[in-house]
Protein chains: 2
Amino acid sequence: MLYAGFMSTLLPPFPQPQEPVDKPQLLEVGSGAGEPCLRADAARNRARLLEAATRLIAEHGAAGVTMEAVAAEAGVGKGTVFRRFGDRTGLLTALLDHSARNLQADFLGGPPPLGPGAPPVDRLRAFGVAVLYRTAEQLDLQLAAQPDAARRYAHPSVRALRTHVTVLLRQTLPDADCELLAQTLMAYLDPALINHLTRQCGMPMERLEKGWLDLVDRVTRAET
Amino acid sequence: MLYAGFMSTLLPPFPQPQEPVDKPQLLEVGSGAGEPCLRADAARNRARLLEAATRLIAEHGAAGVTMEAVAAEAGVGKGTVFRRFGDRTGLLTALLDHSARNLQADFLGGPPPLGPGAPPVDRLRAFGVAVLYRTAEQLDLQLAAQPDAARRYAHPSVRALRTHVTVLLRQTLPDADCELLAQTLMAYLDPALINHLTRQCGMPMERLEKGWLDLVDRVTRAET
DNA sequence: AAATTAAACGGACCCCGGTCCGGATTGCCT
DNA sequence: AGGCAATCCGGACCGGGGTCCGTTTAATTT
């Protein structure tokens, strides 16, 4: 129910993929022309599939989202699911796309401290906290949507967040290897880690939050 | 060929699991009694399976290590593979166990700066570098052996390394949340990240190494 | 040595992710 | 309207991970 009911509104303005898959094109937001626009039946089926997946998650959890089940629930063939979303990860990612775009909009153009206007370090702090809680909310889905080891760090949505962190870092530490530091910071926000710490180790979110602020402090601290 | 030829020597003194799987019991090394000791046929088959897997990796890469293929190559039934190693991850982990034990022996009892005797921060630096290069050597296997998102951070071998980092950190930063900091440091050494940075981004190992040293500096730096 | 029991074996079986391709639709163009 | 090409659909098909259970075999006991 966390993700329920947002699909119904986003079909018309929610075209997407072309060749094999529809990648969540974070970053190029305002576009308006670059996208191929699906055929009518394809768009209809896409919407049905997302709704079906949402329903299945609500009923049986993320584990119940089997490609066949989604296809059946949506009343389409299995091949259609794969044509549209590429693979299971793609489908699950599409389910998260809505919230991902919101987050991105917030830190790209929203009010400070998350958005522009605040000092970079403050934005960094706010960013981490925002991601932390967003992830905790959708933990099961985020976990299930995680690609295999070889693609995890190359995944577009992760790259988008990391790029933002890199930019903020560079404004604070112009001489450091901000790409590596950004990877480190992002690693702290890995859904799998958050899952481990909260559910398997029983840490409260407040501790994770403090941990993030402390980490940002340490990483951005001037040399002694 | 990286991992070839070490199994032949470790069958007799390489007992292991009991119930469903054989977990790599890092940490409790000297034991000598705690282990159930396999039945003769089971031990023989275990050895055969590890050899078979090694052979398959050499020929077809880690992707070629299919449970059925290993079973066939070893001349046993598929069920036997699962009984012995639990799942694919377990089998692949067993293949890495040898090197994991070596590393652990080195930082628990080897010469400084990796082993005891050097200042904690120096040990930390050496530890990261050692893990970095060990991982790079076995990258394909390490990648393939990575468990799914829900178990990645709970995996015994990862825990063992992390515990060590936690201890070293605590000696340096008695008042910090060393568990979280250890997670952060370990995340930098994630095989999937190393794979991404070296193969997908084309970074040289020297840069990763510098990055580790820098990270340790920042994390362990006194407050300003 | 025979009997007993716990453990190991093996392969048939199930499920699911992913592929493929002949056939049906859609959107465009005349 | 009618025709055409591009796109999409759907379900049969494949391969691999993981499970199950009747059978076999190793260790132990008498």
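Proteins get letters first, then strands, A, B, ... in listed order; numbering begins at 1 in each.
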Practice problem: Could you check which of C:dC9, D:dG11, C:dT26 has an atom nearest any side-chain atom of A:Ala40? | Solution: C:dT26
Self-check item: Inter- and intrachain pairs under ring pair (Phe, Tyr, Trp, His ring centres under 6.0 Å), touching residues 126-148 of chain B, at least two apart
Solution: B:Phe107-B:Phe127, B:Phe127-B:His164
Close N or O pairs between protein and nucleotides 21-25 of chain C (under 3.5 Å):
residue: C:dT25; atom: O2; partner: A:Arg39; partner atom: NH1; Å: 3.0
residue: C:dT25; atom: O2; partner: A:Arg39; partner atom: NH2; Å: 3.0

Quiz item: Nearest-Å distance, CG (A:Asn45) to C1' (D:dC8)?
Solution: 9 Å
Quiz item: Can you tell which of D:dA27, C:dC16, D:dG11 lies closest to the side chain of A:Glu68?
Solution: C:dC16
Quiz item: Phosphate oxygens OP1/OP2 of D:dG17: is one of them under 4.0 Å from a side-chain N or O of B:Thr66?
Solution: yes
Check: residues 73-80 of chain A side-chain donor-acceptor pairs under 3.5 Å, at least two apart:
residue: A:Glu73; atom: OE2; partner: A:Arg55; partner atom: NH1; Å: 2.6

Quiz item: A:Thr80 side chain N/O closer than 4.0 Å to the phosphate oxygens (OP1, OP2) of D:dC8?
Solution: no
Quiz item: What's the CZ-P distance between A:Arg46 and D:dC9, to the nearest Å?
Solution: 12 Å
Quiz item: For B:Asp106, what residues pass the salt bridge (charged side-chain N to carboxylate O under 4.0 Å, His left out) criterion, not counting sequence neighbours?
Solution: none
Exercise. With sequence neighbours left out, write down each residue that passes salt bridge (charged side-chain N to carboxylate O under 4.0 Å, His left out) with B:Arg199, or none if nothing qualifies.
Key: B:Asp140
Quiz item: Which listed nucleotide (C:dA8, D:dC8, D:dA26) is nearest to the side chain of B:Arg84?
Solution: C:dA8
Quiz prompt | Those residues that, when tested against B:Arg39, pass salt bridge (charged side-chain N to carboxylate O under 4.0 Å, His left out) (two or more places apart) | solution = B:Asp41
